[in-house]
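Inspection log for the structure reproduced underneath, given as structure tokens.
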Amino acid sequence: QVQLVESGGGLVQAGGSLRLSCAASGRLFASYAMGWFRQAPGKEREFVAACNWSGGRTYYADSVSGRFTISRDNDRNTVDLQMNSLKPEDTAVYYCAADLHGGSYGYSSAYEYWGQGTQVTVSS
């Protein structure tokens, strides 16, 4: 069982930066692939970024590639999402998720555990 708690969301102007953090409980954190997804009002949840168990492999949605960076610290059981050059279209609730098996990073159905989400609002 893994419990995930996101933090770091907030209101920022376009062009600004935010850093989201996800704290995980459980002894097997280093075994999980980790991902970030987001859901805007009236839209489906979409993939943002993911990394494998070590953080050595990272994956990004085209819409955030070059602006967002995912990283993890297996000693601290955390995974972060650094978001730069934010745009109004990045406004959404951001969710952290854990996947024991890995390999299907972009698919929300592959993730077994989810956090409660944190709101990110980017004003124009």
Side-chain angles (χ1 to χ4, degrees):
Q1 187 78 10
V2 175
Q3 291 185 328
L4 305 172
V5 178
E6 303 96 335
S7 61
L11 174 64
V12 63
Q13 289 188 332
S17 298
L18 278 176
R19 188 177 184 89
L20 305 183
S21 186
C22 175
S25 66
R27 295 178 294 135
L28 299 179
F29 176 76
S31 302
Y32 287 80
M34 297 298 297
W36 286 94
F37 289 75
R38 66 186 182 187
Q39 188 167 19
K43 295 187 177 181
E44 293 187 354
R45 189 170 299 187
E46 65 175 2
F47 170 72
V48 175
C51 64
N52 71 334
W53 66 273
S54 68
R57 295 182 181 177
T58 57
Y59 309 85
Y60 297 95
D62 289 344
S63 59
V64 306
S65 182
R67 299 188 297 123
F68 291 11
T69 302
I70 187 171
S71 61
R72 67 188 294 164
D73 185 334
N74 287 342
D75 290 331
R76 296 174 58 232
N77 280 16
T78 58
V79 58
D80 292 348
L81 185 68
Q82 177 66 42
M83 306 186 295
N84 298 329
S85 302
L86 283 161
K87 305 175 181 179
E89 50 263 45
D90 294 318
T91 295
V93 177
Y94 282 71
Y95 298 90
C96 171
D99 172 19
L100 181 58
H101 303 289
S104 299
Y105 298 100
Y107 297 91
S108 60
S109 59
Y111 292 79
E112 292 89 357
Y113 302 104
W114 293 82
Q116 83 289 348
T118 185
Q119 176 70 47
V120 172
T121 303
V122 184
S123 63
S124 57

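What's counted below: heavy atoms across the whole structure, side chains too, no hydrogens, waters or symmetry copies.
- Cation-pi geometry between R72 and F29 is met: the NZ or CZ atom falls under 6.0 Å from the ring centre, inside 45° of the normal.
- Around atom CD of Q119, more than 12 heavy atoms belonging to other residues, nucleotides or ligands sit under 6.0 Å away.
- Taking the side chain as every heavy atom from C-beta outward, L100 and S31 approach each other to under 4.5 Å.
- In this structure a side-chain-to-backbone donor-acceptor pair under 3.5 Å is missing from S21 to D80.
- Rounded to the nearest 0.5 Å, atoms OG1 (T121) and CG (L11) are 6.0 Å apart.
- Here the side chain of Q13 pairs no donor or acceptor atom with the backbone of S123 at under 3.5 angstrom.
- Note: the hydrophobic cluster containing F68 does not contain F37 (ILVMFWY, side chain heavy atoms under 4.5 Å, direct or indirect links).
- Nearest heavy atoms, P88 versus A14: CD-CB, 4.1 Å.
- Annotation for G117 and V93: closest pair CA-CG1, 3.8 Å, computed over non-hydrogen atoms.
- Atom CZ of residue R38 and atom CD of residue E46 lie 4.5 Å apart, to the nearest 0.5 angstrom.
- Rounding to the nearest 0.5 angstrom, the gap separating the CE atom in M34 from the CG atom in L81 is 11.5 Å.
- By the rule that hydrophobic residues join a cluster once side-chain heavy atoms approach within less than 4.5 Å of another member, V2 and Y111 end up as members of separate clusters.
- Proximity of a side-chain donor or acceptor of R57 to a complementary backbone N or O of N52 within less than 3.5 Å is not detected.
- Y105 is not connected to V48 by any chain of hydrophobic side-chain contacts under 4.5 Å among Ile, Leu, Val, Met, Phe, Trp and Tyr, and they are in different clusters.
- Between the T118 side chain and the E6 main chain, no donor and acceptor come within less than 3.5 Å of each other.
- Applying the side-chain hydrogen bond (donor to acceptor under 3.5 Å, both in side chains) criterion to Q82, with sequence neighbours excluded, gives R19, N84.
- Y113 has its side chain within reach of Y32: a pair of non-hydrogen atoms, C-beta onward, lies under 4.5 Å apart.
- When the side chains of ILVMFWY residues are joined at heavy-atom separations under 4.5 Å, either directly or via intervening members, V120 and V64 end up in a single hydrophobic cluster.
- Between F47 and Y59, the distance separating the two ring centers is not shorter than 6.0 angstrom.
- Placement of V5 and L18 in two distinct hydrophobic clusters is found when ILVMFWY residues are connected by side-chain heavy-atom separations under 4.5 Å, directly or transitively.
- Using the six-membered ring where Trp is involved, Y95 and W114 have ring planes that are perpendicular, over 60° apart on the 30 and 60° scheme.
- Shortest non-hydrogen contact noted between D90 and R67 is OD2-NH1, 2.8 Å.
- Here the shortest heavy-atom pairing between C51 and V79 reads SG-CG2, 4.5 Å.
- To the nearest 0.5 Å, atoms CG (N77) and OG (S25) are separated by 8.0 Å.
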